[in-house]
Colleague: 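Dumping the structure here so I can ask a few things about it.
Each chain gets a letter, A, B and so on, in the order the sequences are listed, and its residues count up from 1.
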2 protein chains.
Amino acid sequence: MLEARLQEAGTLKRLLDAIKELVTDANFECSEEGINLQAMDNSHVALVAVKMQPEAFEKYRCDRPMPLGVNLTSLTKVLKCAKDDDTCTLKAGDDGDVLGLLYEAKASDRIAEYEMKLMDIDTDTLGIPDTEYDASVTMPSAEFTRIVRDLSLLGESVRIEVNKEGVRFASEGEAANGNVLLKMTEAARQRWEDYDKDEEASGSAVKKEEGDEEGEGAKKGNVKKEVTDDDVVMVDDDDEDGEEEQEVKDDDDDDDEEETDEKRKKRKAGKQGKSSQPPKKPRTKKADGDGGDKGGVYIQLDQHVSLTFSLKYLVNFSKSATLSDTVMLMMSNDVPLLVKYKFGGGSICYYLAPKIGDD
Amino acid sequence: MLEARLQEAGTLKRLLDAIKELVTDANFECSEEGINLQAMDNSHVALVAVKMQPEAFEKYRCDRPMPLGVNLTSLTKVLKCAKDDDTCTLKAGDDGDVLGLLYEAKASDRIAEYEMKLMDIDTDTLGIPDTEYDASVTMPSAEFTRIVRDLSLLGESVRIEVNKEGVRFASEGEAANGNVLLKMTEAARQRWEDYDKDEEASGSAVKKEEGDEEGEGAKKGNVKKEVTDDDVVMVDDDDEDGEEEQEVKDDDDDDDEEETDEKRKKRKAGKQGKSSQPPKKPRTKKADGDGGDKGGVYIQLDQHVSLTFSLKYLVNFSKSATLSDTVMLMMSNDVPLLVKYKFGGGSICYYLAPKIGDD
DNA sequence: CAAGGCGGAG
DNA sequence: CTCCGCCTTG
């Protein structure tokens, strides 16, 4: 029996908007670990993996692992019936042939219930290579969206080159060639150097994706559980209170002359939007001399990489910018690119193999 | 060698948006005088002439005249890759087979470079008739956009009639006829009576367009203006007093026996919209009483003109409203209409021959 | 209200 | 397979 209450139906709506064009049917693998979805895109070129941990939910309960085979087109329709700020509760019985959705308006003067038929889906669960990436680029998701959209006007593919000064996106087309260079900035480094750490600590590092799959399929109860459900509720409440107040006050990111802890947190709240960035310790140093509190990229680099990808897919991936203000691109030569968006209590990862040669 | 740096890429983007549907390929004639473009529209009915003087640029250098044959569709794509407030630098070598575009974010953490292939274009440079226009109408560009869009819903063409009281746009269609009358106002006169002078002084009067092709505008001065301001003001005052009645009479010119409520309403609706026409205040007195600071038209008139044009083209021309709040319509009987928009350091002129007879 | 994406037709 | 028109989204 599954019961998962999401504070904001909008989260789920945006999630489905992000992947519904890539994948039409997928199993929502529900367990006490949360809900995971993994699927090849329709043309079997890209892979999308969504993870929603119990923390993503206001309340989460799942007695035993169960796969819920969902037609995403149908689910999208059903979700359209929710208002973004409705509370959304997912329910499934142990037989798992129907998914119930309950929408409750915050004012609780409106309750809507939907039931969606589920289906059996051949779960061709693919192992995701457990890569240590040579290069990791953390950048504003809107910037990534913009770049791939721009370049897709010119050509079919983009070469992404990372060195420690910056990242370059380059495309060649019939009518024109173009390249965009984003420089690493100190401000970006400070903003993001711990961005992915938090997640590893909480047990959902990139590398773990594969393990999860096997865990679900093969054994049960064996899964790591660093987080208890009780914690989830409490943490969630805390966030609620704190964020509200902070965001109200937040109207100027500009004036960080001297940075107080509070200001710093406020700035984060504003900057991250709906994303989940846990507050990080105050950093007294600031050095935003290189300008802009939104631009810039942060790069971690073991080795120079240069890879070519289909823009069509990247454009599709970039739809997830609605879920987070930040995106990470993880690359190693000759292995699939990982494009990762983190959002409150979860993440969405896209994998795309590089093009070989210069086609 | 050409190097031209534009403060805001948005200017160029808007310029291309304005003409790209009319013209697909054109030569950018670069010289130390600036950049000029002149082309017939695809169906060889209209002519568009763009001028960007060196002052339009933050930095401008062009060692020797060179024509850059540009496919505007491609250029539009490349320009889409710039953010509106990026600095945009155009570069071309002396061989002129490639146009380089460099976009720099103001924060300078983002640099994008594009290279566009150029082409050879048969430069059928057309002499633009060197007309002394009998009538010149200066008005808010948004108003013009609105009027031609409105009327294009009814019919194919519009008759533009100018007398010294105002300008009337009239269309007839299967389902309905409509006409919009804009009156000259004192406020508009004050706003615009010198509007085109500046340009004359700086050597780019309307008549000069043709001259520019050959070299430099030899002469200056264009619209004759025998109309005295005094007359205008007085007339305007009269209008103020008897606005309703005057309009009735105007309508009578066309066909009306007597004014019905319905007609009256139609006319008003047409006249107002988002436009200028300030609500008629009870005859305050002087001309500035008609005071919107945005509405009204300014008319210079030697001779009454009445010409008919294809609305389809005018609607296209009116896209340039993104470039300027003001548009000038210059007319003489039986010669092409000139629709002119001026913007920082440049101008865009459209020429369209009138329809003959009543087709 | 305008632009981009999708679907249908030639 | 390409182009045009309709529909949806920002």
Side-chain angles (χ1 to χ4, degrees), chain A residues 9-24 41-43 46 71-85 140-156 171 173-175 273-274 310-325, chain B residues 9-10 12-22 24 42-43 71-85 140-154 269-270 272-275 311-312 314-325:
Chain A
T11 306
L12 205 49
K13 294 173 72 168
R14 286 191 297 272
L15 190 57
L16 261 103
D17 281 344
I19 63 173
K20 68 164 191 276
E21 284 195 24
L22 233 34
V23 180
T24 55
D41 85 292
N42 294 330
S43 45
N71 175 284
L72 299 191
T73 309
S74 304
L75 180 54
T76 300
K77 284 181 186 167
V78 173
L79 282 170
K80 278 205 201 304
C81 304
K83 297 173 84 172
D84 276 5
D85 60 348
S141 60
E143 183 99 58
F144 180 65
T145 303
R146 175 65 195 252
I147 289 170
V148 295
R149 269 195 61 204
D150 283 354
L151 295 181
S152 71
L153 295 176
L154 305 184
E156 305 265 296
S171 281
E174 307 242 321
K274 50 267 176 189
S310 155
L311 276 165
K312 178 181 146 205
Y313 285 96
L314 298 185
V315 167
N316 241 309
F317 300 169
S318 72
K319 291 192 204 295
S320 291
T322 53
L323 288 162
S324 171
D325 290 341
Chain B
L12 206 48
K13 294 174 71 167
R14 287 192 297 274
L15 189 57
L16 261 102
D17 281 343
I19 63 173
K20 68 163 190 276
E21 284 194 25
L22 233 34
T24 55
N42 294 330
S43 43
N71 175 284
L72 298 191
T73 309
S74 302
L75 180 55
T76 300
K77 284 182 185 172
V78 173
L79 282 172
K80 277 203 205 302
C81 303
K83 296 170 99 162
D84 275 5
D85 60 348
S141 60
E143 180 101 57
F144 179 63
T145 303
R146 175 64 194 252
I147 289 170
V148 295
R149 272 195 57 203
D150 284 352
L151 295 181
S152 72
L153 296 177
L154 305 184
Q272 295 182 350
K274 69 180 161 204
S275 86
L311 276 164
K312 177 180 146 209
L314 297 186
V315 167
N316 241 310
F317 299 168
S318 72
K319 290 192 205 295
S320 291
T322 53
L323 288 162
S324 171
D325 289 340

Colleague: Enumerate, atom names and distances included, each donor-acceptor pair closer than 3.5 Å involving a side-chain atom of residues 77-85 of chain B, sequence neighbours excluded.
Modeller:
unit_1, atom_1, unit_2, atom_2, d
B/Asp84, OD1, B/Lys13, NZ, 3.1

Colleague: What distance separates B/Lys319 NZ from B/Thr145 OG1, expressed to the nearest 0.5 Å?
Modeller: 9.5 Å
Colleague: Not counting sequence neighbours, which residues clear side-chain contact (heavy atoms from CB on, under 4.5 Å) with A/Ser171? List them please.
Modeller: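 Result, side-chain contact (heavy atoms from CB on, under 4.5 Å) vs A/Ser171: A/Leu151, A/Val158, A/Leu311.
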Colleague: About how many Å separate OG of B/Ser141 and CZ of B/Phe317, when rounded to the nearest 0.5 Å?
Modeller: 15.0 Å
Colleague: Along DNA chain C, 5' to 3', what are the outermost nucleotides having an atom less than 4.0 Å from a heavy atom of chain B?
Modeller: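 Footprint of chain B along DNA chain C, 5' to 3': C/dC1 to C/dG4.
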Colleague: Out of curiosity, A/Leu12 CG to A/Leu16 CG, how far, rounded to the nearest 0.5 Å?
Modeller: 5.5 Å
Colleague: Using a 4.0 Å heavy-atom cut-off across all strands, classify B/Lys319 as base, sugar-phosphate, or nothing.
Modeller: nothing
Colleague: What integer distance in Å separates A/Asp84:CG from D/dT9:C1'?
Modeller: 14 Å
